[in-house]
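Keep in mind that this is a model prediction, so the values were computed, not measured. We count residues from 1, following the sequence as given.
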Amino acid sequence: MKKSSILVALMGVVIGLLTAVLIQRIGMNRRTMRVGGDDWRKVSLILQSIDENYVDSVDRAKIGEAVAAAALSALDPHSAYMPPQILKDSEADLTGNFDGIGIQFNVPNDTAVVIEVIPGGPSEKIGLQPGDRLLKVDDTPIAGVHFPQDSMVRRIKGVAGSKVLVTVKRGPEVIPFEITRGKIPTWSVDAAFMVSDTTGYLRLSKFSRTTEAEFIQHTTELLEAGMRELIVDLRDNSGGYLDQACKLSNLFLPRKAMIVYLEGQHRRREEFRADGRGPFQALGLKVLVDEGSASASEILAGALQDNGRARLYGRRTFGKGLVQEPFFFSDGSGMRITVARYYTPSGRCIQKPYSDDYEYEVLRRYDSGEMVTADSMHVEKGGILPDVFVPVDTTRAGAFYVACNRKATAMRFASAWFDAHKQELTRIDDYDALLRYLDAAGLEREFLAFAKSKDGLVPDPKEWATEKQYLMTQVQALVGRYSKLGDKAYYHLFLQTDPTFKAAMEP
């Protein structure tokens with residue numbers, strides 16, 4: 001055998017021995033790290049091994065955040081970890097106020113336009129007006145640069161007492177406003193008004209800490225105006241605090257009536273019942289719901305329905321019946337863990353089944369035909385089923401309507417109209433006067449001309465005959481929002497073409 005061959009053979013033996021030793025060492029490590037299938041110690045061992053063996057320095061905070069988020073996401077679709085800023089924002093939204101400057105704005109064409117200045121807020125006191133275009137926040141340009149809307153909101157918000165420089169364009173003028181941020185109320189009642197001599201309408205957008213007080217105030221005002229029946233609109237209300245849903249149910253239910261009960265593996269059954277002191281027990285009641293009504297909305301709707309206190313109109317609700325319990329950490333972060341499920345008085349579980357595409361379950365309702373056929377709704381799918389089913393109206397979504405929505409044509413037209421008619425619009429504070437103004441304004445002709453010149457959109461005459469009423473009502477609502485009536489005008493006008501509302505208005 002040649003020397004070279006002998007050398008190669010010896011090298012092979014050495015490499016084999018080294019490999020065996022390495023494998024043996026790895027095997028020993030595996031044996032020392034062995035854990036049971038349900039042993040939480042595995043997570044600690046993983047983190048310890050990263051700390052002791054990873055090739056580079058480790059950002060422990062970043063890894064800790066990732067582990068927390070991953071662990072909670074493995075439980076169910078609603079248990080979640082929240083970093084400090086997200087937790088702060090979510091808590092502020094439900095407490096009934098936040099720190100900011102007190103404006104509402106739309107971004108119809110890459111520039112934020114103020115549509116409402118909240119009464120009594122910092123912006124009103126300093127002189128901001130509806131129609132002002134936001135150009136800069138401090139030294140940062142936010143107009144015409146595709147600035148993300150959520151980033152825009154974060155820059156405008158800030159701690160009460162701090163200052164922010166907001167530069168706006170008002171007509172040809174550019175005006176800087178130094179605004180001292182303050183506590184801004186976030187209302188849960190978007191609008192409340194009479195829709196006939198005896199029927200009132202109240203739109204509830206969320207269940208915050210102030211919901212019961214707001215609801216009583218607005219309902220009392222409607223009663224003083226002659227209301228004998230109330231329509232409560234819970235559509236697209238994603239929920240909020242459990243106690244507020246119970247308190248609203250209590251306003252309408254007799255003593256000892258079951259509102260809701262909850263139960264979980266580590267939570268004994270807990271029942272919530274009415275105390276019989278609710279002031280609106282004799283008031284006629286109807287409730288509007290849809291696939292966007294969730295959580296606390298479903299508790300209220302289920303309680304009223306099961307007790308025979310209200311008729312529900314619309315479509316099957318979302319199906320979120322999980323009790324989330326908050327836990328807070330010293331670094332300002334927190335988590336919400338599902339600890340129980342909600343059940344209606346008759347024992348229906350509100351929560352819909354989990355699935356791999358849980359987030360898109362509502363979209364599947366379109367494919368299954370549930371959005372257009374009542375027979376496709378089933379209790380076992382979760383949510384609250386309405387007493388009167390109202391399908392989605394698919395007849396008005398033609399090519400012109402879809403194209404206008406895609407380009408925000410109606411919103412941009414309303415903004416342009418306000419610029420040209422600001423003085424007359426901002427004087428209107430009466431709904432009947434607003435209707436007379438809109439009817440005489442020639443909006444249809446102006447809107448079609450705007451759609452053609454700005455977006456190159458021209459409707460087919462037959463298509464326009466079908467879409468006209470709905471789209472022009474949308475245009476009127478957006479223009480009316482710039483009046484002193486604000487959202488009250490917006491929702492009042494939209495109800496004119498709302499099939500669910502019309503169904504509820506029938507005897």
Side-chain angles (χ1 to χ4, degrees), residues 73-80 203 205-206 233-239 287-302 305 311-322 324 338 341-344 346 348-410 457 459-460 462-464 466-467 469-471 473-474 494-495 497-504:
S73 68
L75 298 176
D76 64 71
H78 298 288
S79 292
R203 182 174 180 89
S205 62
K206 58 177 170 286
D233 193 346
L234 295 179
R235 290 174 296 179
D236 294 318
N237 183 322
S238 60
V287 178
L288 312 184
V289 295
D290 67 2
E291 57 281 358
S293 307
S295 189
S297 293
E298 296 173 289
I299 291 171
L300 175 59
Q305 185 184 55
R311 285 175 66 79
L312 272 53
Y313 296 77
R315 295 179 292 279
R316 180 167 66 96
T317 60
F318 182 85
K320 183 182 182 296
L322 301 176
Q324 318 300 164
T338 300
R341 288 183 173 85
Y342 290 122
Y343 297 84
T344 71
S346 65
R348 292 179 291 169
C349 181
I350 294 173
Q351 179 60 39
K352 63 186 177 183
Y354 303 150
S355 62
D356 292 337
D357 58 347
Y358 181 87
E359 295 180 2
Y360 304 100
E361 185 273 334
V362 169
L363 296 178
R364 291 208 314 272
R365 300 185 192 186
Y366 287 89
D367 296 333
S368 67
E370 181 177 329
M371 308 302 273
V372 294
T373 307
D375 293 341
S376 298
M377 295 190 302
H378 298 287
V379 174
E380 66 271 13
K381 292 183 178 180
I384 305 296
L385 274 60
D387 299 294
V388 178
F389 174 74
V390 182
V392 170
D393 186 355
T394 59
T395 62
R396 55 196 182 194
F400 180 70
Y401 172 79
V402 171
C404 285
N405 270 1
R406 186 180 297 118
K407 297 191 176 190
T409 307
L457 300 176
D460 176 87
K462 290 183 179 179
E463 188 179 72
W464 183 240
T466 301
E467 297 179 353
Q469 182 185 9
Y470 182 68
L471 190 48
T473 298
Q474 183 177 333
F494 250 122
L495 293 180
T497 57
D498 185 338
T500 304
F501 170 75
K502 288 181 177 180

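With contacts defined as side-chain heavy-atom distances shorter than 4.5 Å, the pair T373/F389 does not qualify. A heavy-atom distance below 4.5 Å is not found between the side chains of R365 and R315. In this structure, the side chains of L457 and C404 come closer than 4.5 Å at one or more pairs of heavy atoms. Proximity of Q305 to L385: side-chain heavy atoms (C-beta onward) are nowhere separated by under 4.5 Å. For the pair R203/F494, no side-chain contact is recorded, criterion being any heavy-atom separation below 4.5 Å from C-beta on. No side-chain heavy atom of E291 sits under 4.5 Å from any side-chain heavy atom of R316.
Enclosure of atom CD in E380 by more than 12 non-hydrogen atoms of other residues, nucleotides or ligands within 6.0 angstrom is indicated. Annotation: Y360, atom OH; neighbour count of heavy atoms from other residues, nucleotides and ligands within 6.0 Å does not exceed 12.
With respect to the salt-bridge test (charged N to carboxylate O, under 4.0 angstrom), the residues D460 and K462 do not qualify. The pair R235-D498 meets the salt-bridge criterion, since a charged nitrogen lies less than 4.0 angstrom from a carboxylate oxygen.
With rounding to the nearest 0.5 Å, the separation of CG in D290 from CG in L312 is 11.5 Å. Distance CZ/R341 to CD1/I350: 12.0 Å, rounded to 0.5 Å. With values rounded to the nearest 0.5 angstrom, D236 atom CG is found 9.5 Å from S297 atom OG. Within the model, atoms NZ of K381 and OG of S368 stand 5.0 Å from one another, a figure rounded to the nearest 0.5 Å. Rounding to the nearest 0.5 angstrom, the gap separating the OG1 atom in T466 from the CG atom in L471 is 12.0 Å. The distance from atom CZ of F501 to atom CG of L288, rounded to the nearest 0.5 Å, is 8.0 Å.
Of all the heavy atoms in M377 and P386, the pair that sits closest is SD-CD, 3.8 Å. Contact detail for P459 and W464: the closest heavy-atom pair is CB-CB, 3.9 Å. Heavy atoms only, all atoms of each residue included: I384 and T317 are closest at N-OG1, 2.6 Å. Nearest heavy atom pair, residue S79 against residue T338, reads OG-N, 3.0 Å.
At distances below 3.5 Å, at least one donor-acceptor pair connects side-chain atoms of S293 with backbone N or O atoms of L234. The backbone N or O of A410 lies less than 3.5 Å from no partner atom in the side chain of Q474, so there is not a single donor-acceptor pair. A distance-only check finds no donor-acceptor pair linking the side chain of Q469 to the backbone of T497 [under 3.5 Å]. For T344 (side chain) and G302 (main-chain N/O), no donor-acceptor pair under 3.5 Å exists by modelled atom type. When atom types are taken as modelled, the side chain of E298 and the backbone of S295 share a donor-acceptor pair closer than 3.5 angstrom. Under the 3.5 Å distance criterion, the side-chain polar atoms of E467 are matched with a main-chain donor or acceptor of Y401. Side chain of E361 to main chain of P353: no donor-acceptor pair is present (N/O by atom type, distance under 3.5 Å, no hydrogens or angles).
A cation-pi contact links K352 to Y358, judged by a cut-off of 6.0 Å to the six-membered ring centre and 45° from its axis.
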